[in-house]
Amino acid sequence: MTKHIQADRLAKIERLKEAGISPYPARTPGEPVPIASLMDDFDGQEGQSFYIAGRLGQVRDFGKLRFSHLQDRTGRLQVAFSRDDLADFWPNRKLIEANDIVGVQGELGRTKKGEPTLWAKKVDLLTKSLRAAPEKFHGLTDQEQRYRMRYVDLFANVDVRRNFIIRSKLIREMRAFFDAHDYIEVETPVLHSIYGGAAAKPFKTHHNALDIPLYLRIAPELYLKRLLVGGLERVYEIGRVFRNEGISTRHNPEFTMLESYEAYADYNVIMERVEGLFDRICAKVIGGHVFTFRDSEYNLEPPYEKLKYIELFAEHNSGLDWFDVDGVMARSKALGVYQDGLSHEKLANDVFEETVEPQLKGPVFITDYPKAICPLAKASEDDPRIAERFELFLGGMELGNAFSELNDPIDQEQRFECQIDDKDPESINEVDYDYVTALEFGMPPAGGLGIGVDRLSMILTGSTSIRDVLLFPLLKPLPEGSDATALPEVEEEEGGKDGS
RNA sequence: GGGGGCGUAGCUCAGUGGCAGAGCAGUGGCCUUUUAAGCCAUUGGUCGAAGGUUCGACCCCUUCCGCCCUCACCA
């Protein structure tokens, strides 16, 4: 590991110690003010003395005068170091360089060219950096390095912070919205002994003391609805779910879902909730309803368009009836999405995804899905083949999924058992009978909603990859000894386990 | 998993079958108003890894590793 540390910086550590300066002092000798607070009323505070702290930028050296910038979480401000003002510090000035974290006590003023500047009177090294700064103009551009060393990306490419600040505000406004509607935020288990609530492959793990298999949740849904039975009536959870599937610009194995459930509401009420939620988010997070994503302009001013799934299906497939078994099979073959062994419902939905979804720009609610593909949604009272479900599409992505929740325990049990019979290897493998039991005690009629927080963050930040809204997206670990993740040497195990 | 692209100094990137390059960063100088500062000098390389072809490979071939894009699965 030491091989990768800059030898010149290590040498400076030694020289600092000789000069009696700690490279890693425990305390900051002043109370830093946010740089933004100085910039907000610069003229009014000119001539006054302040203490600021942050990471030092590139040094511009003029012999008896040096300039640099200091960056904290709120902004950056030029700092000037003059020999005449810094008798003690001056001989050691070269031991402090770009990337170091320093505190500066100084006086606010401008340079001849008008640049706001803190004229240093006292300089404290707070943390010595052993690594060189990325290139000052281009920053860190290598995608792999940026994801693997996000901690560098964040300070070298300050714009990156913006995405995560937006994401944070988004989540704050989601909470505020549901809190304002008298929901309570809850936390349900992440470790499930039976996984369900979605069609996805789980991560499997094991609990040692109980000696039982456990799964990381693929959705919180079934636990949240148990809370409706318990009388909590309005609940939401913002949390991580895990799906053991592919990785792409739209998929990460762990991602964040918002799920909410509201008793005595149906999916029509939930549509209004979604509009209200997005309205609030637009106003509070991006300050407007019109924005550009992937070169297209979107307007999130409610109300949003509502289109029926079955009608859209017919429209984009020459009038084909979704329930026409032979017709759908022929169409799926014509489109090249046909696969042996898939059920009619799965085939028909594949045809929908192939022919309709690419046309959906949004925001649009796709409503009234065939019941057969909605095992947790309540059937329509007008047409038993249809479920009261909608999905929200925006920016070419599925952002949300909602329905009037199925609360008939007998129907639910049958649908669960049907899924087990289904040959689809991706469906759940065990019925959650405790959930059925909960329904037997009576779950009030309710509307539920799920929203992909990462995808919404992508749209709000204009990111084309989910990795740009995840601080630490999952990457394959580098082989031992590689630079980017160089770790302290680990003792090598002899042989390895079981020879496998 | 399929297809396309990429991997060269700490960072950003050139490069060609014939001695491994530039800018930035670093080091030593000059400079009190710079802000991608400037000027002079200078250190720094397992060219992703292994194998092959060749008198000679960073370059051509094969395999492997990793990343990005895209398609498939999915939210």
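The shown structure was predicted, so the numbers you read here are calculated from the model rather than taken from an experiment. Letters A, B, ... mirror the listed sequences (proteins, then strands); counts begin at 1.
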**Item:** Of A:Phe242, A:Phe203, A:Tyr195, the residue whose pairing with A:Tyr215 passes ring-ring contact (aromatic ring centres under 6.0 Å, His included)
**Value:** A:Tyr195
**For B:A57, the Watson-Crick or wobble counterpart (both distances under 3.5 Å)** = none
**Nucleotide paired to B:G26 in any strand shown, Watson-Crick or G-U, under 3.5 Å** = B:U42
**Request:** Specify whether A:Phe352 and A:Tyr369 have parallel, tilted or perpendicular ring planes, treating 30° as the upper limit for parallel and 60° as the lower limit for perpendicular.
**Result:** tilted
**Asked** Tell me: CG of A:Leu470 to P of B:C68, nearest whole Å?
**Response** 12 Å
**Prompt:** Counting any heavy atom closer than 4.0 Å, what does A:Lys136 reach on the DNA or RNA strands: base, sugar-phosphate only, or nothing?
**Reply:** sugar-phosphate
**Request:** With heavy atoms under 4.0 Å as the rule, sort A:Thr141 into base, sugar-phosphate or nothing.
**Result:** sugar-phosphate
**Message:** At 4.0 Å (heavy atoms only), tell me whether A:Asp61 reaches a base, stays on the sugar-phosphate, or touches nothing.
**Reply:** base
**Message:** Using a heavy-atom cut-off of 4.0 Å across all strands, would you classify A:Gly139 as base, sugar-phosphate, or nothing?
**Reply:** sugar-phosphate
**Spacing of A:Leu56 atom CG relative to B:A25 atom P, expressed in whole Å** = 14 Å
**Message:** With a 3.5 Å cut-off and heavy atoms only, can you find an N or O donor on one side and an acceptor on the other between the side chain of A:Glu115 and the base of B:U34?
**Reply:** no
**Request:** Measure the distance from CD1 on A:Ile96 to C1' on B:U27 and round it to the nearest whole Å.
**Result:** 18 Å
**Request:** Round to the nearest Å and state the distance from A:Tyr147 atom OH to B:C6 atom P.
**Result:** 19 Å
**Complete:** Pairing partner of B:G21, by Watson-Crick or G-U wobble and under 3.5 Å for both distances, is B:C13
**Message:** Using the side-chain heavy atoms of A:Glu97, tell me which of these nucleotides is nearest: B:U12, B:A37, B:U27.
**Reply:** B:U27
**Request:** For A:Gln145 and B:C6, give me the distance from atom CD to atom C1', rounded to whole Å.
**Result:** 14 Å
**Message:** Using a 4.0 Å heavy-atom cut-off, does A:Ser465 contact any base of the nucleic acid, only the sugar-phosphate backbone, or nothing at all?
**Reply:** sugar-phosphate
**Complete:** Across every strand shown, the nucleotide meeting Watson-Crick or G-U wobble geometry with B:C64 (both distances under 3.5 Å) is B:G48
**Request:** Would you indicate what A:Arg467 reaches in the nucleic acid, counting non-hydrogen atoms under 4.0 angstrom: base, sugar-phosphate, or nothing?
**Result:** sugar-phosphate
**Prompt:** A:Phe67 stacking on B:U34: centroids under 5.5 Å, ring planes under 30°?
**Reply:** yes
**Request:** Specify whether A:Phe62 and A:Phe67 have parallel, tilted or perpendicular ring planes, treating 30° as the upper limit for parallel and 60° as the lower limit for perpendicular.
**Result:** perpendicular
**Prompt:** Taking any strand in view, what nucleotide pairs with B:G1 in a Watson-Crick or G-U wobble way, both distances under 3.5 Å?
**Reply:** B:C71
**A:Ile13 CD1 to B:G26 P, straight-line distance once rounded to whole Å** = 16 Å
**A:Leu475 CG to B:G66 P, straight-line distance once rounded to whole Å** = 11 Å
**Request:** Would you confirm whether A:Arg66, through its side chain, and A:Val79, through its main-chain N or O, come within 3.5 Å as a donor-acceptor pair?
**Result:** no
**Message:** Tell me the interatomic distance from A:Lys64, atom NZ, to B:U34, atom P, rounded to whole angstroms.
**Reply:** 17 Å
**Asked** Start at the 5' end of RNA chain B and walk down; is the nucleotide closest to A:Arg76 or to A:Glu398 reached first?
**Response** A:Arg76
**Prompt:** So does A:Asp100 pair up with A:Arg9, basic N to acidic O under 4.0 Å?
**Reply:** yes
**Item:** Ion pair check, A:Glu254 and A:Arg240, cut-off under 4.0 Å
**Value:** yes
**Asked** Heavy atoms under 4.0 Å, any strand shown: does A:Asn252 hit a base, just sugar-phosphate, or nothing?
**Response** base
**Request:** Hey, which sits more toward the 5' end of RNA chain B by its nearest nucleotide, A:Leu140 or A:Gln58?
**Result:** A:Leu140
**Message:** Classify A:Leu399 by what it touches in the nucleic acid, base, sugar-phosphate, or nothing, heavy-atom distance under 4.0 Å.
**Reply:** nothing
**Request:** Quick one: look up who B:U32 pairs with, Watson-Crick or G-U, both distances under 3.5 Å, and put none if it's unpaired.
**Result:** none
**Request:** Could you tell me whether A:Asp142 and A:Arg146 make a salt bridge, using a distance below 4.0 angstrom between a side-chain N and a carboxylate O?
**Result:** no
